[in-house]
Amino acid sequence: MIKAILIFNNHGKPRLIRFYQYFAEDMQQQIIRETFHLVSKRDDNVCNFLEGGSYFEVLIGGSDYKLIYRHYATLYFVFCVDSSESELGILDLIQNMLLFTIVYNFVMQVFVETLDKCFENVCELDLIFHMDKVHYILQEVVMGGMVLETNMNEIVAQVELQNRMEKSEGGLSTAPARAVSAVKNMNLPEIPRNINIGDINIKVPSLSPF
Amino acid sequence: MALKIVKGSIDRMFDKNLQDLVRGIRNHKDDEAKYISTCIDEIKQELKQDNIAVKANAVCKLTYLQMLGYDVSWAAFNIVEVMSSSKFTYKRIGYLAASQCFHEGTDVIMLTTNQIRKDLSSPNQYDTGVALTGLSCFVTPDLARDLANDIMTLMSHTKPYIRKKAVLIMYKVFLKYPESLRPAFPRLKEKLEDPDPGVQSAAVNVICELARRNPKNYLSLAPLFFKLMTSSTNNWVLIKIIKLFGALTPLEPRLGKKLIEPLTNLIHSTSAMSLLYECVNTVIAVLISLSSGMPNHSASIQLCVQKLRILIEDSDQNLKYLGLLAMSKILKTHPKSVQSHKDLILQCLDDKDESIRLRALDLLYGMVSKKNLMEIVKKLMLHVDKAEGTTYRDELLTKIIDICSQSNFQYITNFEWYISILVELTRLEGTRHGHLIASQMLDVAIRVKAIRGFAVAQMATLLDNAHLLTGNTQRNGICEVLYAAAWICGEFSEHLEDPMQTLEAMLRPKVATLPGHIQAVYVQNAAKLFATVLRKHDGETESQAAQETSQLLIDRLPLFVQSANLEVQERASCILQLVKYIQKLQQKNVEVAEEVTALFAGELNPVAPKAQKKVPIPEGLDLDAWINEPPSESESEDEKPKAVFAKEEPKHSRSRHTEVDEKELARRREVRKQEQANNPFYIKASPSSQKVYDAPGVEHIPVVQIDLSVPLKVPGMPMSDQYLKLEVERRQKEKAERKKKEKKKKREKRGKERKADSGPESEEDITPAHQVDIVTEEMPENALPSDDDDKDPNDPHKALDIDLDKPLADSEKLPVRTHRPEALKSPAEDRDSESVPQETKKKSGKEKKKDKEKDRKRSKEEKKKKKKHKEVEEELLESQPEEAVQSEETKEAAAPPTSTSAEEVTAPSSAAAAVDTSSAAAPESEPDEPKDTEPEDTKSSKHKKKKQKKEKEEKEKKKKKRHHHHHQHHSDAGGEDSVQNGTVEEEEPLPPMSNYSLLAENSYIKMMKEDADQVYDIQGNHQDESKVVVSVIFENKSDSFLKSMEFNVLDSLNSKLQRPEGAGAHDSLTVPFQLPPGVSNEARFVFSVQSIIMPQKLKGTLTFIVKSDESSTHEKLDFKLHFTCTSYLITTPCYSDAYAKLLESGDLKGSSLRLEGINMPFHHLLARICFHHHFSVVERIDSCASMYSRSIQGHHVCLLVKTSDQTVSIDAKCDEPSLLGNVLDEIKQTFSKC
């Protein structure tokens, strides 16, 4: 089971939080702070697991949990999981499904014209302005603390269909235009053409438009 | 109106959306809190608007603010509003917000049940998906119970997207509502073989999660999983299955044997590290479970260790870490295979990543042997020196101590070396673990008799150099060591070379800066040393030395007498006076040494930490009872200062007080040993200590020859290293000797024991440097073996420990929403819910087959009986308002099985009362007519027919039970219902309320009509007529058998009895059962009603045949059915905001009512209104409450009930005045009756 998914930046500012067990808001903030404190002091070239310690006992309520995280440029993706999850599997999940779908999805939607900046920078700005949309993507990957889907094509397809539905309803507001202007200066050069998730090779579907 | 819309959209243009909010927050870095608080004010304004788009936008922003830590629970109701929007865009926003901030304590959750149910059955798969996702985050026990059945239906949805979500959410439902596990499990199992990989993966996920907690219940699934494992190509699924097998193998070793081969194949073939790693892990688990029985798996172990070595050597830190983690699992059972990789693990100690170093340390703990302990500890000591940062260094320190002290110092061959290590560790600056070292010193010195001489010498040195320890740190640091040092020197002072010097060191003025508990030990042990000095100089007349010692004490002790610490002060002043007295005696040349020594005579034995707990309580001892009468005023107790070593204190006093002569001790010991040998429950000590037990007494412990030729202080080289060097030399020497002497003998023995012993030296070959006697800790006589149960009683998974192989009894059904009798639905609606009962039937059919195989007819019959019983139950309950059904349901589930006498009752078979809960309506339950009533669904009718056949057989048995349950149901219904209304607090038990009123009665039969007719609305279909279900209980009062009962009603323009298709307008309905003497049963009749604003009366007749032994007669009974207006109301919860809005709207017309002389508590009054008139309490303040109900045609009825001095005034508002008038009249009637 996944207990929580936290995404925050290098300064510990939350960009997306998703708890699969109830914590009051102040507790959530404390968990974010402590988690940030734990992962931020680790070098980039050390392992991506953190386990044991009073952190879990006090905050999460059990020592069976561990943190699995990845650090990309300005963002930390942290999963708090128990022993039923495969460590390497979750790492793959973060890298290949979550991160990539987020980026991919936004590439499809917003950043179609401008593609010549760093791949990773996109993330934080995306998350800042589109937390809700990232949630919707996440909901297709993880549900109620359990991994729902690991097939990238399926995730992307479902997210796409739902977005199309939203569009057909007229959307929430006229915001996208402004969002585009906000991130006009960034772009994507090196989207991996071929993502290797263990044995499964996922061909990135039709990225050629850009 | 149009203007309003235009205005709304103009407003919207100026509203901030989420992006604007985020940008705003980013632009207000300095006064973020202030900016956000203005934003929240804006959001509050937006939420007040009618425009759902504005609300959704506001809720979306709130979700963002929630992430930043703002409590948004105040907007919970608005979130529910947005959730119930028909537009997907808004619905999604609402559910997202709900999933982020709803939890079990959120009260509006109970309002969402119907909304969620509607979304779940939405034709749009994404509406359903979004509802499922949201629900997975905030499902409560109530929601789980109410929606379990709907979700179960979705598990067979046509769209895999919905199926996989439904499957996954079932896990959450199980957690919240464990009763659903067994009914849902068969379908969950089916989903393991779903054609869609996503659904399959979800099912595997759920079952693995369940099985992880209660593996034994899932063993029967092993073959299925085995098949999946060999066929699936989805790594994620494979990993889950393999992990599951890891949990299952300890329970079923045969499974393990089967697994080894496919797993090794996978290990060889896969390129995915994650899969490889999990395979290795499971192989390890298998091997652990097999370790006793199977010798021939060294190949698998080798494979695992090899693969792990590859992982550990990988440059990827993650693989390295996991490799070490898995290695530590192998270590437990196959230490040999890991020990050969010691080099690699020691290498990991140098890793820059701390978590890897810590993992490596854990491994080292298990890798030590007598042979390599010294070497490993030496490496660790080097790391201690290098380590930067106290946390890691402290970790190293504790690990060193752990490693050395594990299993009773099993691996230590040379305790002098260990003491030196401990002394070296005291040089660590700023460590927090001073007390750990100290307790080790004490432990070793007390339990290893042979080492005392050496230990005392070392401790004396420590005391002498105390300034080095105390120099830097005053806090709870390393100075704790001095506590141990002082105590050891005092207690074993006979081993001291120069007690005088040590005594002097202990009385230095600087000691006064130490913590109090240490000073106390200093003072006490100074006295012990004093005794030793005196004895040393015993016999020398006019000993200068002895008198000098006394003088020293008299000079120095006053410093301690002034101590602020009570313990120190007390001890010091005692000892000071004692010494002064002794000095006087000395001056008179009196021999005092012996008397003084006697103060501290006696041997201290170590006591096991749990010893105190294990002392059995003597009979008749009640520690809670007062010994004397309690004093009138309790004296305040001084809180004891919490000294680290406080627990040690009792030891002193205890042995001092019980001075028993050696002979007596030896005798007791013998007796105890005898007792223990004969007592099968006595826990035998570990082998190493067993040895000691065999020795008949302390005095027989072999004396150690300590080789003191070792120079103890060699400058420039840590002492422990010299021991290491010495040890190597010694071993080599010994080895050479042994080779000569015992070569043949050993070979023989070893060859038998171990084949794979490759090392040149085995463990046993290393003899300890000196014969060390490890004194076993004492345990009280006849100590009770206790097993500590550490299980958390609050673990939610405990409730899921349910046997899933047991055939499913039909009593285990998910609560089906019984409020809509199926026969009344439009065909389209029908199909949806129809599949549910069908499914349950399929299941029970399956289960029955299983039963036959097992040939357990007896249990089968019992089960069927139970099932019947349950069905009857539900059937009866259907007539209740929905809430009552739910509460009854749970209540009845716990009811004990009914009497067996049912079998004796014989009765001719008759029509089945109802096939199951959903087929409630009378016509449908006719066994001869299922084809007529369900032409649209032949499949289900087929099932039904089958079932009905069975039911006929069972009919006789169930008859009696009906009666039985009936009454139970009767009396329970009232109380339960009022509680279920939720808002009525239960201040004192409510009087039982019955729903049933007499309809008609003659000498043969009594008809009772349920007052609160279950009402059914089809508002959603916008039809102009509504339906009312009337439940009638028929009770046979005669001694004869009643059969062929026919029920008929003269229809009015407004109300019509629903008859089966094809029947004429005046045909009567057959009551679907017969009544043996004394039995009652319930039937339901459906009426369609057009106008509900007036009460209705219908005339009716019941005809039946009375059959006795001799004759049979035709009888009839007339009755009048009274439809009150109340019966058209449905209990509908209402939120106070919405209620207020409703009242403000001005559409409602008012009326009022005054009741005098009402003599009952207010909450009873409310409960009565709730129960009899289908209202729910919106808000209650003291003796004033607002209540709400809604008619089946959508009229709102609001009440304001106030009470004072037996007078109750009810102000009421309703959009239909005549309906209101009638309802109020009925309320008045209810209260006039009582």
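Just so we're on the same page: letters track the sequence lines, and every chain starts at 1. Note that the coordinates shown come from a computational prediction; the quantities given were computed from them, not determined experimentally.
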Option in [options] with maximal non-hydrogen atom pairs under 4.5 Å from chain A:
options                   : result
V130(B), I239(B), N205(B) : N205(B)
K165(B), Q125(B), K352(B) : K165(B)
Q66(B), R92(B), K240(B)   : R92(B)

For each of G145(A), A24(A), G89(A), tally heavy-atom pairs with chain B at distances under 4.5 Å, and name the one with the top tally.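 So the answer, after comparing G145(A), A24(A), G89(A), is G89(A).
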Among E140(A), E154(A), E87(A), R18(A), single out the residue with the greatest number of heavy-atom pairs under 4.5 Å to chain B.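 Of E140(A), E154(A), E87(A), R18(A), R18(A) has the most heavy-atom pairs under 4.5 Å with chain B.
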State which residues pass side-chain contact (heavy atoms from CB on, under 4.5 Å) with S136(B); sequence neighbours excluded, sorted by chain then number.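 Once residues adjacent in sequence are excluded, the partners of S136(B) under the side-chain contact (heavy atoms from CB on, under 4.5 Å) criterion are M143(A), I169(B).
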Residues in side-chain contact (heavy atoms from CB on, under 4.5 Å) with A326(B), at least two apart?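 Testing A326(B) for side-chain contact (heavy atoms from CB on, under 4.5 Å), a comparison that skips the adjacent residues, returns Y277(B), N281(B), I284(B), L308(B).
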With a 4.5 angstrom heavy-atom cut-off, which part of [X] approaches chain A: side chain, backbone, both or neither?
X       : value
Y321(B) : side chain
E209(B) : side chain
S99(B)  : both
Y70(B)  : backbone
D316(B) : neither
L168(B) : both
K320(B) : neither
I25(B)  : neither

Segment of [X] engaging chain B (4.5 angstrom heavy-atom cut-off):
X       : value
Q28(A)  : side chain
R42(A)  : side chain
D43(A)  : neither
Q162(A) : both
I68(A)  : neither
D82(A)  : side chain

With a 3.5 Å distance limit and no angle check, can you tell me whether [X] reaches the backbone of [Y] through a side-chain donor-acceptor pair?
X       : Y       : value
K172(B) : G144(A) : yes
T133(B) : G129(B) : yes
E278(B) : I242(B) : no
R70(A)  : N48(A)  : no
K243(B) : S83(A)  : yes

Apply the test side chain to side chain donor-acceptor pair (under 3.5 Å) to residues E169(A) and T89(B): give CA-CA distance (whole Å), side-chain angles for both, the deciding distance (0.1 Å), then the verdict. CA-CA 7 Å; E169(A) 285 179 353; T89(B) 313; 2.4 Å; yes
What I want to find out is whether K164(B) reaches D196(B) closely enough, with some N-O distance under 4.0 Å, to be called a salt bridge.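 Salt bridge between K164(B) and D196(B), a charged N being under 4.0 Å from a carboxylate O: no.
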In terms of side-chain geometry, is the basic nitrogen of K176(B) or E104(B) positioned less than 4.0 Å from the acidic oxygen of its partner?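 Here K176(B) pairs with E104(B) in a salt bridge, since their nearest N and O are under 4.0 Å apart.
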For a quick test of reading the model, state the closest non-hydrogen atom pair linking Q29(A) to L68(B) and the distance between them.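 Heavy atoms of Q29(A) and L68(B) come nearest at NE2-C, 3.3 Å.
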